[in-house]
There are 2 protein chains.
Amino acid sequence: MRNRLVTYSPEAAFHALADPTRRAVLDLLRQGIQPAGQIARAFPVSRPAISKHLRLLRRAHLVQEKREGRHRLYQLNPEPLKAVDSWLQQYRVFWQANLNSLKAFVEAEHARETGGVEGERKDTAKRSRPNE
Amino acid sequence: MRNRLVTYSPEAAFHALADPTRRAVLDLLRQGIQPAGQIARAFPVSRPAISKHLRLLRRAHLVQEKREGRHRLYQLNPEPLKAVDSWLQQYRVFWQANLNSLKAFVEAEHARETGGVEGERKDTAKRSRPNE
DNA sequence: CCAATATGTAACGCTATGGTTACGCATTAT
DNA sequence: ATAATGCGTAACCATAGCGTTACATATTGG
């Protein structure tokens with residue numbers, strides 16, 4: 001049952017990607033298959049810590065383990081990321097709309113302010129509180 | 001510095017998206033701007049719980065709050081998702097390559113297992129342990 | 001067979017999370 | 001004014017996470 005075309009739910013993937021170290025591990029694996037120890041050495045945390053991240057990534061099917069001698073080689077498996085991608089898909093239309101409407105807005109703003117500086121206000125305007 | 005074309009780091013977004021309720025809130029907001037209470041009523045958890053999720057989403061800039069009378073209207077802001085999208089971008093090539101190289105890899109694997117060459121046994125191989 | 005190497009797991013400890021209830025504060029309705 | 005409505009925050013709780021230090025297990029080298 002190798003390449004079964006399973007469709008992963010985004011749940012596990014989103015959860016796995018929440019940790020920056022895990023994302024970095026995946027980024028590292030984009031360079032190619034690597035043994036656990038080598039992966040661990042690339043990070044400032046202990047090996048067991050990486051081992052646990054790898055376990056989680058394994059369970060999320062984001063990496064695949066292959067044993068070779070006393071080594072455990074880890075390979076990236078991008079499949080689950082497709083689920084993330086398709087979740088995101090529903091939002092692309094929004095930031096595209098944004099590029100338009102926002103662009104229009106910005107241009108209008110600019111026109112309005114031509115002489116002015118723009119620096120500030122307008123929108124966010126209100127509060128002194130940053131975001132919150 | 002209003003609509004500064006800031007580029008959000010994926011950090012906050014990935015963190016915010018890790019929770020299924022928060023993703024659902026965003027999904028809900030795709031339908032349009034809504035007051036906090038109405039959002040809360042769409043979920044099985046208490047209103048304060050949603051209030052906290054909204055605060056987090058706000059800080060991640062994934063939603064924008066607008067006060068109107070005694071209501072707090074929430075609007076989706078897809079911008080930070082672009083950071084997620086571009087992180088993902090680096091992986092797209094993999095799941096495309098996958099259709100090819102992975103297939104090759106899998107086939108090679110299969111061949112290796114059937115013909116069973118190579119001295120090592122791998123055997124033990126594939127484990128009885130499901131994924132783990 | 002024994003030491004060294006490569007890893008995963010168990011047991012802890014501390015902080016972060018997500019949920020709950022109680023409460024405080026505007027805004028709107030009577 | 002007073003009550004009702006809409007929300008956010010504080011204070012708590014229980015659990016999930018992530019890191020650390022032993023420790024157990026499998027593989028390779030002498």
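By the 4.0 Å N-to-carboxylate-O rule, E11(A) lies close enough to R23(B) to be salt-bridged with it. A salt bridge is absent between K66(A) and E68(A): the closest approach of a Lys/Arg side-chain nitrogen to an acidic carboxylate oxygen does not fall below 4.0 angstrom.
Residues L29(A) and V25(A) are in side-chain contact: their nearest non-hydrogen atoms beyond the backbone lie under 4.5 Å apart. For the pair K82(B) and E79(B), the minimum side-chain heavy-atom distance is below 4.5 Å.
For S46(A), a side-chain nitrogen or oxygen approaches OP1 or OP2 of dT20(D) to under 4.0 Å. Between dG8(C) and Y74(A), a contact under 4.0 Å exists linking OP1 or OP2 to a side-chain N or O.
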Would you tabulate the pairs of protein nitrogen or oxygen atoms and nucleotide nitrogen or oxygen atoms of nucleotides 12-17 of chain D closer than 3.5 angstrom?
| residue | atom | partner | partner atom | Å |
| --- | --- | --- | --- | --- |
| dG17(D) | OP1 | H15(A) | NE2 | 2.7 |

Scan nucleotides 3-6 of chain C against the protein and return all N/O pairs shorter than 3.5 Å with their distances rounded to 0.1 Å.
| residue | atom | partner | partner atom | Å |
| --- | --- | --- | --- | --- |
| dT5(C) | O4' | R70(A) | NH1 | 3.0 |
| dT5(C) | O2 | R70(A) | NH1 | 3.3 |
| dA6(C) | O3' | R70(A) | O | 3.3 |

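The distance between atom CZ of R67(A) and atom P of dT27(D), rounded to the nearest whole Å, is 9 Å. Rounded to an integer number of Å, the gap from CG of L54(A) to P of dG8(C) is 6 Å. In this entry the distance linking CD1 of I39(A) with P of dT7(C) reads 9 Å, nearest Å. With rounding to whole Å, E68(B) atom CD is found 14 Å from dT28(C) atom C1'. Straight-line distance from the CG atom of L57(A) to the P atom of dT7(C): 16 Å, rounded to whole Å. Atom C1' of nucleotide dA16(C) and atom CD of E11(B) are separated by 14 Å, given to the nearest angstrom. Counting to the nearest Å, the P atom of dT27(C) and the CG atom of L73(B) are 14 Å from each other.
Position along DNA chain D of the nearest nucleotide to H53(A) versus I50(B) favours I50(B) as the more 5'-ward residue. Of the residues near DNA chain D, L56(A) and Q38(B), the one whose nearest nucleotide (by heavy atom distance) lies more toward the 5' end is Q38(B).
With 3.5 Å as the limit, one finds no donor-acceptor pair spanning the side chains of Q34(A) and Y74(A). R92(B) and Q89(B) are linked by a side-chain donor-acceptor pair at a separation below 3.5 angstrom, with hydrogens and angles left out of the test.
No engagement by F43(A) is indicated, since no non-hydrogen atom pair under 4.0 Å with the nucleic acid exists.
Considering CG of L26(A) and OG1 of T21(A), their distance stands at 11.0 Å, rounded to 0.5 Å.
Checking side-chain atoms of N77(B) against main-chain N and O of L62(B) turns up no donor-acceptor pair under 3.5 Å.
The cationic atom of R30(A) (NZ for Lys, CZ for Arg) does not lie both less than 6.0 Å from the six-membered ring centre of F94(B) and within 45° of the ring axis.
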